[in-house]
Amino acid sequence: MKIFHCSHCQHLVFFENTQCVQCGRQLAYSPRSDEMLAIDPEAQSDAAPEPAVRLCQNYVEQGICNWAVDPEDDDPLCLSCRLTRVIPPLQHLQSVGLWQRAETAKRRLVVNLLALGLPVRDSTLGANDGIHFEFKEPQAGQVVLTGHHEGTITLNLLEADDVLRERLRAHFAEPYRTVLGHLRHESGHYYWERLVKNSPRHGDFRSLFGDESADYRLALEQHYGIGPREDWAEGYISAYASSHPWEDWAETWAHYLHMTDTLETAQGCGLSMQPQREDEPRFLPEELGQVMQSPFETLISSWFAVTYLLNNLSRGLGLADAYPFVLNSTVIAKLRFVHDTIALARESGTPDPDREAA
Ligand SMILES: [Zn+2]
Ligand SMILES: [Zn+2]
Ligand SMILES: [Zn+2]
């Protein structure tokens with residue numbers, strides 16, 4: 001993700017901020033102009049004929065959002081919040097907290113998808129088509145499975161509880177488990193149906209990822225019952241990716257989103273790595289150009305350098321590796337397929353109605 005500045009005092013602010021720490025003004029992210037708007041308290045007051053910036057209803061009433069709504073838009077919710085169709089009961093503060101974490105991760109996903117030129121809504125199919133989310137907190141005796149079905153991404157909100165998620169991560173012996181990672185993964189299933197299924201790319205998909213008509217339920221039963229195939233590291237980004245071609249695609253897709261989002265941030269921060277030795281990881285932000293449209297080779301070599309730095313810094317802080325994955329040539333070929341699929345979609349698609357032309 002790019003970096004942001006307060007539109008009033010130009011101080012550096014985070015995407016998640018609701019207030020500028022320098023000038024104190026309330027902030028709202030505008031998905032249309034892709035900037036952080038500082039709110040002038042006078043122009044926004046009840047005395048003003050019309051608020052200068054319309055804030056998302058979930059910002060004002062629930063405190064779980066920090067986005068603005070386009071002035072011409074009559075939806076009370078911002079572009080991200082309106083994609084959520086199910087939220088937890090809000091009587092308990094804990095539920096609101098879980099919901100807030102899920103929405104915060106989702107907003108980052110939405111901006112990442114828009115930056116890649118992927119339509120988040122489908123204006124050709126009507127307002128109800130596109131990607132949607134159900135954030136469900138399991139009630140007594142209820143099981144909520146995180147997954148995707150026909151454009152709806154369901155997240156078990158307990159995944160936003162750090163203790164429970166860490167327990168699951170250890171139980172499944174996974175090196176990485178985050179709410180954002182879940183949402184990125186599930187969005188992969190959605191875009192597979194939209195961009196790969198029955199497209200001219202479907203055959204190439206099968207050559208790389210395998211035949212997705214293999215029994216999905218059985219594959220997952222085997223994965224959770226007897227564990228992943230022993231040689232998974234040779235051809236898959238994660239053990240779970242080896243369970244079924246759909247999961248392989250979704251895991252690879254999620255990694256592509258990790259990569260592009262993080263590289264854009266590194267570039268935006270002005271990071272540059274010029275090692276003492278020629279053969280060591282090098283990162284030159286100017287070589288990347290516009291990250292979301294960079295050639296695949298440039299992205300991947302930059303990603304090697306940035307993840308090397310990320311992991312080295314994590315170790316210095318006594319933390320686990322921030323990016324605990326190995327990209328071998330088979331996995332890189334799959335990432336390239338994701339890259340090409342997105343590039344084709346961007347070139348052939350119509351611009352998203354929610355974003356001004358760059
Ligand atoms: Zn400011
Ligand atoms: Zn919102
Ligand atoms: Zn999946």
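Indexing begins at 1, ligand by ligand and atom by atom, following the structure's order.
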(Q) Under the criterion side-chain contact (heavy atoms from CB on, under 4.5 Å), I'd like the reasoning laid out for His185 against Glu247: C-alpha separation, chi angles, the key distance, then a yes or no. (A) CA-CA 8 Å; His185 172 106; Glu247 297 312 325; 2.8 Å; yes
Of all heavy-atom pairs between [X] and [Y], which one has the smallest distance, and what is that distance?
X: Val291; Y: Leu299; value: O-CD2, 3.6 Å
X: Asn17; Y: Met36; value: O-CE, 4.1 Å
X: Gln267; Y: Phe283; value: N-CZ, 4.2 Å

Q | With the Zn ion (ligand 2) as the apex, the SG/SG angle for Cys81 and Cys65 - to 10° | A |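 With the Zn ion (ligand 2) as the vertex, the angle is close to 110°.
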Q | SG (Cys56) to the Zn ion (ligand 2) to SG (Cys78) angle, given to the nearest 10 degrees | A |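 Cys56 SG and Cys78 SG form an angle of 110° at the Zn ion (ligand 2).
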Q.
In this structure, is the centre-to-centre distance between the rings of Tyr190 and His132 below 6.0 Å?
A.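 They do not qualify: ring centres at least 6.0 Å apart.
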Q | His11 backbone or side-chain N/O/S under 2.8 Å from the Zn ion (ligand 1) | A |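 No, outside the cut-off.
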Q. Quick check: does Cys23 have an N/O/S atom under 2.8 Å of the Zn ion (ligand 1)?
A.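 Checking Cys23: at least one N, O or S atom is under 2.8 Å.
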Q.
Ignoring hydrogens and geometry beyond distance, is a side-chain donor-acceptor pair present between Glu134 and His149 at under 3.5 Å?
A.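 Glu134 vs His149: no donor-acceptor pair found between side chains.
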Q: Measure from the Zn ion (ligand 3) to every N/O/S atom of Glu247 and report the name of the nearest one.
A: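 Result for Glu247 and the Zn ion (ligand 3): OE1.
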Q: May I have the angle between Cys20 SG and Cys9 SG with its vertex at the Zn ion (ligand 1), rounded to 10°?
A: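 An angle of 100° at the metal.
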Q. Are any N, O or S atoms from His185 nearer to the Zn ion (ligand 3) than 2.8 Å?
A.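 Yes.
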